[in-house]
Amino acid sequence: MRACKELGISTVAAYSETDCDAIYLDFADERICIGPGSSDRSYLNIPSIISAAEIADVEAIHPGYGFLSEVSRFAEVCRSCNIEFIGPSADAMSMMGDKVRAREIAVQAGAPVVPGSQGAVDSGEDAVKIAHKVGYPVLVKAGMGGGGRGMRVAHNDMSLLKCFAVAESEAQAAFGDKAVYIEKYVSGARHVEIQLLGDHHGNVIHLGDRDCSLQRRHQKLIEEAPCPALSNDVREELGTAAINIARAVNYYGAGTVEFLVDPSGSFYFIEMNCRIQVEHPVTEMVTGVDILREQLRIASGERLSLRQDDVKTQGVAIECRINAEDPLTFQPTPGTISRYYVPGGPGVRVDSHAYCGCVISPQYDSLVAKLIVHRRNRREAIACMQRALEEYVIEGIKTTIPLYLDIFGHSAFLSGRVDTKFVESVLDNGGFASGKAELSETEKDKDKPT
Ligand code: MV4
């Protein structure tokens with residue numbers, strides 16, 4: 001809506017009954033209720049959304065970053081109703097939504113993938129053969145999963161046979177498709193992703209990288225741009241690999257290609273997200289590009305407003321996802337915000353729906369705010385984040401702010417030496433310290449509806 005206003009485009013806000021007091025409704029030109037709080041009957045209900053869009057006579061729908069944003073059928077229905085879906089083609093979405101297919105596309109595009117199965121794995125026997133070839137530990141991943149959902153780790157033949165059967169039936173239940181595939185477990189890796197933009201004229205550029213290694217149960221907590229641990233060579237190779245993968249599916253719109261980067265600098269494609277992501281602001285801050293504005297331009301058939309050579313990054317940006325959760329147990333803490341003060345000053349950006357008196361409903365995601373800082377270098381960005389976290393007043397609900405103050409005070413974070421195990425070690429939670437318990441759980445992705 002902010003990008004629309006700046007471009008002179010009027011907006012219609014869709015909302016569920018639960019969100020009738022949401023602040024974004026005050027900023028739209030029109031508002032229209034699409035159903036009750038239960039997302040199945042509102043934000044995930046394609047007929048409700050299309051009916052609302054037709055009543056309001058909209059030209060386009062922005063799907064946001066949860067709910068239907070990666071559902072190719074939704075993109076297809078929108079376009080068949082002569083409403084532009086602000087995102088990639090339904091074909092690109094369905095190809096990348098199938099993670100087995102996405103791996104094959106990456107291989108064809110010449111990008112490195114994690115050693116593992118070719119295609120889906122049909123039997124426990126085949127799974128064991130692949131594991132012997134690539135070596136334990138291995139991960140069994142759901143073909144229609146992604147973001148760590150339905151992912152299990154196996155350390156030997158026995159546990160693999162068990163994981164395989166459980167993963168297949170879980171995949172069937174969760175995604176309606178039992179296909180699973182196998183990857184070698186890459187240890188000590190960082191999660192690095194490349195932000196892409198493509199237009200309808202065949203131009204694809206990247207806006208550099210983000211490090212999203214700080215996660216808990218596949219929920220990202222802190223994201224940073226650029227990644228603090230990449231050489232210029234690896235950085236450039238990642239950008240090129242990401243662009244080649246996008247070109248292979250004639251990608252247009254904003255998208256993200258995710259990689260694992262191991263301590264030696266070897267990198268492997270893991271998956272592609274066909275939507276704008278929660279953490280896009282860190283890229284906006286370091287590149288100065290309004291990614292939402294680009295999405296709108298692309299959807300209206302215009303060319304990208306910049307070429308690859310025009311993309312320059314400046315300084316360091318860090319984002320903390322402030323959640324309405326207990327900072328130790330991560331249990332959601334819905335409720336009413338009774339006192340609220342937003343940090344400000346140089347280098348601080350807060351993207352949030354929160355205000356004093358607002359109700360954080362247990363029905364949806366617990367994300368309350370994204371606190372983003374942008375400074376000339378990492379040391380100054382961390383100092384800025386620390387003082388902004390201290391300045392932020394949110395009372396009436398518990399938030400994850402105390403966890404972030406702990407993390408930013410930690411020497412491993414300050415030196416940029418963090419990997420997949422870091423959050424658990426800060427929490428000093430014995431059950432997760434090995435990383436095994438963590439990886440064997442099936443959790444929903446933060447970007448997905450709950
Ligand atoms: C992996 C991996 C190790 N080896 N794949 C995928 C989804 C994302 N949320 C985490 N994923 C991982 N995939 C292979 N073959 C380790 C992770 C992983 C992780 C990666 C980077 C940073 C933090 C992480 C936390 C848990 C798991």
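When a residue number appears, it is its place in the shown sequence, counting from 1. Remember, it's 1-based here, ligands and their atoms both numbered in the order they're listed.
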Taking only non-hydrogen atoms of K141, do any sit less than 4.0 angstrom from ligand 1?
yes
Quick check, are the ring centers of F74 and F67 under 6.0 angstrom apart?
no
Would you mind telling me if ligand 1 is within reach of the side chain of H191, the backbone, both or neither, using heavy atoms under 4.0 Å?
both
Between L214 and ligand 1, which residue portion shows a heavy-atom distance shorter than 4.0 Å: side chain, backbone, both, or neither?
neither
Does an N or O anywhere in S213 fall below 3.5 Å from an N or O of ligand 1?
no
Please tabulate, for side-chain N and O atoms in residues 120-130, each donor-acceptor pair with protein atoms closer than 3.5 Å (sequence neighbours left out).
unit_1, atom_1, unit_2, atom_2, d
S123, OG, D126, N, 3.1

Under a 4.0 angstrom heavy-atom cut-off, which atoms of ligand 1 come close to E183?
5 (N), 14 (C), 15 (N)
Aromatic plane relationship, F269 with F259 - under 30° parallel, 30 to 60° tilted, over 60° perpendicular:
perpendicular
Is there at least one pair of N or O atoms, one from Y185 and one from ligand 1, spaced under 3.5 Å apart?
no
Basic-acidic side-chain contact under 4.0 Å: K220, E193:
yes
Numbered atoms of ligand 1 (with element) below 4.0 Å of G148, judged on heavy atoms:
7 (C)
Of L139, V134, D262, the residue with the heavy atom nearest atom 1 (C) of ligand 1 is L139
Nearest-option assignment for atom 4 (N) of ligand 1, heavy atoms, candidates V153, D211, V186:
V186
F413 six-ring centre to R378 NZ/CZ under 6.0 Å and within 45° of normal
yes
Proximal atoms of ligand 1 relative to G147 (non-hydrogen, under 4.0 Å):
7 (C), 9 (N)
Given R210, H280, R321, H191, the one that forms side-chain hydrogen bond (donor to acceptor under 3.5 Å, both in side chains) with E223:
R321
Got a list of side-chain donor-acceptor pairs under 3.5 Å for residues 240-248, not counting sequence neighbours?
unit_1, atom_1, unit_2, atom_2, d
T240, OG1, E236, O, 3.0
N244, ND2, T240, O, 3.4
R247, NH1, G202, O, 3.0

Got V204 and L197 here, is their nearest side-chain heavy-atom distance under 4.5 Å?
no
Between M151, R216, H218, R217, which one has a non-hydrogen atom sitting closest to atom 26 (C) of ligand 1?
H218
Considering distance alone, does some N or O of K184 sit under 3.5 Å from an N or O of ligand 1?
yes
